[in-house]
Participant: 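So that we are looking at the same thing, I have put the structure below in structure tokens.
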2 protein chains.
Amino acid sequence: MTIGRALDTDPIEEARRQWVAHGWGEAADGMAAVTSIARAHQIVLQRIDTVLRPLDLTFARYEILTLLSFTRQGSLPMTKMGALLQVHPTSVTSAVDRLEGQGLVERLPHPSDRRAVLASITSEGRARALAATHALNGQVFEQLGITEHQISQLRTVLRALRANAGDF
Amino acid sequence: MTIGRALDTDPIEEARRQWVAHGWGEAADGMAAVTSIARAHQIVLQRIDTVLRPLDLTFARYEILTLLSFTRQGSLPMTKMGALLQVHPTSVTSAVDRLEGQGLVERLPHPSDRRAVLASITSEGRARALAATHALNGQVFEQLGITEHQISQLRTVLRALRANAGDF
DNA sequence: GCCAAGAACATTGATATCCTAATATCTGTC
DNA sequence: GACAGATATTAGGATATCAATGTTCTTGGC
């Protein structure tokens, strides 16, 4: 389950020291920041997967289910979901394939655009999404192990990074 | 190349509002933080992949190559690399498979432990790692689009999260 | 000291995801 | 009516995880 045993020193700080020692000091902090993001992503995703496994969901499928549950009609065009969740169209297709096979979502023809496909959440899908949200709230989102102030800082800094990348 | 068109509102803030509206205010900030990490990871990884593609490397393989180049002998046991890079043994195996096929790394028997395998960087591997590092430093790590102070905050907060997860 | 039981190391196979590239269909405009 | 653009899908390559396997090492009872 756990990937690596606890190390005596922070491996990212160690890499940063190597950067400085090689004369790449200008990039050292940025390298450490990027590596930290990658590792943090791995950590939280592992926790999420552990919580969602009993519910037969992955994070990608959970996001789609929850997004649909927030809409009035309970349905959205595939492209629209990809734009809101910022994932590739192919990822939406395969995730909806899976959700449809589980009976949590169904594909409907778009009423006015014959190219488009609507993904529509089923009542079973709604129930599953709600159960998953409660589990994730209690076991992951409220248990990050950092202070509220740090969570706030994290959101602010990453919002700047996302805005700079052209997200919104 | 780009995944989604620029949106008028931050989708993560939008999700956070939904959380509050549903009475899940306790978990809203944590949810927003986790989602921000996931999106930030996607953004930086995409940039890294773009820079590394002409060099025929991925980030996973680049990390292994760079780690090996930092050692005295230029070689490490597979397990040791997995521990330092915090990835699964299977990931190390498949990455070294590819690097070996590219002639950037070779497998050697461990001198004292017949179970273990040493991955050893070749001179071509060293050259490739150096070129990749220069490209990443200039085009990614020094161009994150956030201030030095924000980079520092990010490192501090994520170090706390990683420490809490038992990384070191 | 010897040997059996358990642990560690690396690999393979299976499954899921994301990304790229290419394709078929449909829309809307010039 | 032709043609560029949008929509969704398929196919292929890469990575990560889990589960299971075959070796080899290490340790603890005797």
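Numbered from 1 within each chain, the chains take letters A, B, ... in sequence-line order.
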Participant: Would you say that more than 12 heavy atoms from the other residues, nucleotides or ligands in this model lie under 6.0 Å from the CD of A:Glu14, or not?
Facilitator: yes
Participant: What is the distance, to the nearest angstrom, from the CE atom on B:Met81 to the P atom on C:dC9?
Facilitator: 13 Å
Participant: Whole angstroms only, please: what is the CE-P distance between B:Met78 and D:dT23?
Facilitator: 18 Å
Participant: At a heavy-atom distance below 4.0 Å, what parts of residues 54-70 of chain A sit against DNA chain C?
Facilitator: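 The answer is A:Thr58, A:Ala60, A:Arg61.
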Participant: Compare all side-chain heavy atoms of A:Leu144 with those of A:Leu154 and state whether any distance is below 4.5 angstrom.
Facilitator: no
Participant: Rounded to the Å, how far apart are A:Gln46 CD and D:dA16 P?
Facilitator: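 Those two atoms, CD and P, are 13 Å apart.
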Participant: Between B:Ile43 (CD1) and C:dC19 (P), how many Å, whole number?
Facilitator: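 Nearest whole value for this atom pair: 11 Å.
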Participant: So which of residues 102-118 of chain A are in contact with DNA chain C, with a heavy-atom cut-off of under 4.0 Å?
Facilitator: A:Asp113, A:Arg114, A:Arg115
Participant: Between A:His88 and C:dC19, is there a contact of a side-chain N or O with OP1 or OP2 at under 4.0 Å?
Facilitator: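 Answer yes for this pair, as a side-chain N or O of A:His88 is under 4.0 Å from OP1 or OP2.
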Participant: Using the side-chain contact (heavy atoms from CB on, under 4.5 Å) rule, pick out the option among B:Ile43, B:Val51, B:Val44 that qualifies with B:Arg47.
Facilitator: B:Ile43
Participant: Send over the distance from A:Leu52 CG to C:dT17 P, rounded to a whole Å.
Facilitator: 11 Å
Participant: Kindly assign one of parallel, tilted or perpendicular to the pair A:Phe70 and B:Trp24, based on the angle between their ring planes and the thresholds 30° and 60°.
Facilitator: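 If you compare the ring of A:Phe70 with that of B:Trp24, the planes turn out tilted.
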Participant: Any side-chain to backbone donor/acceptor pair from A:Arg128 onto A:Leu55? Under 3.5 Å, distance only.
Facilitator: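 Side chain of A:Arg128 to backbone of A:Leu55, a donor-acceptor pair under 3.5 Å: yes, one is there.
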Participant: To the nearest Å, give me how far apart CD (A:Gln42) and C1' (C:dT17) are.
Facilitator: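 Distance, rounded to whole Å: 14 Å.
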Participant: Does D:dT17 have its OP1 or OP2 closer than 4.0 Å to a side-chain nitrogen or oxygen of A:Arg53?
Facilitator: no
Participant: Main chain of A:Glu142, side chain of B:Glu26: is a donor-acceptor contact present, judged purely on distance under 3.5 Å?
Facilitator: no
Participant: Could you tell me the separation between the CG atom of A:Asp49 and the C1' atom of D:dA16, rounded to a whole number of Å?
Facilitator: 10 Å
Participant: Return no unless some side-chain N or O of A:Thr93 is found under 4.0 Å from OP1 or OP2 of D:dT9.
Facilitator: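 Affirmative; the distance criterion is met.
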Participant: Rounded to the nearest angstrom, tell me the gap between atom NE2 in B:His41 and atom C1' in C:dC19.
Facilitator: 13 Å
Participant: Given that B:Thr90 and A:Ser94 both sit by DNA chain C, which one's nearest nucleotide is further toward the 5' end?
Facilitator: B:Thr90
Participant: Measure from the side-chain N and O atoms of A:Gln42 to the backbone N and O of B:Gln86, and report whether any donor-acceptor pair falls under 3.5 Å.
Facilitator: yes
Participant: Do the side chains of B:Arg61 and B:Leu104 get nearer than 4.5 Å, heavy atoms only?
Facilitator: no
Participant: Donor-acceptor check, side chain of B:Thr156 to backbone of B:Ser152, threshold 3.5 angstrom: yes or no?
Facilitator: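 Confirmed, B:Thr156 side chain pairs with B:Ser152 backbone.
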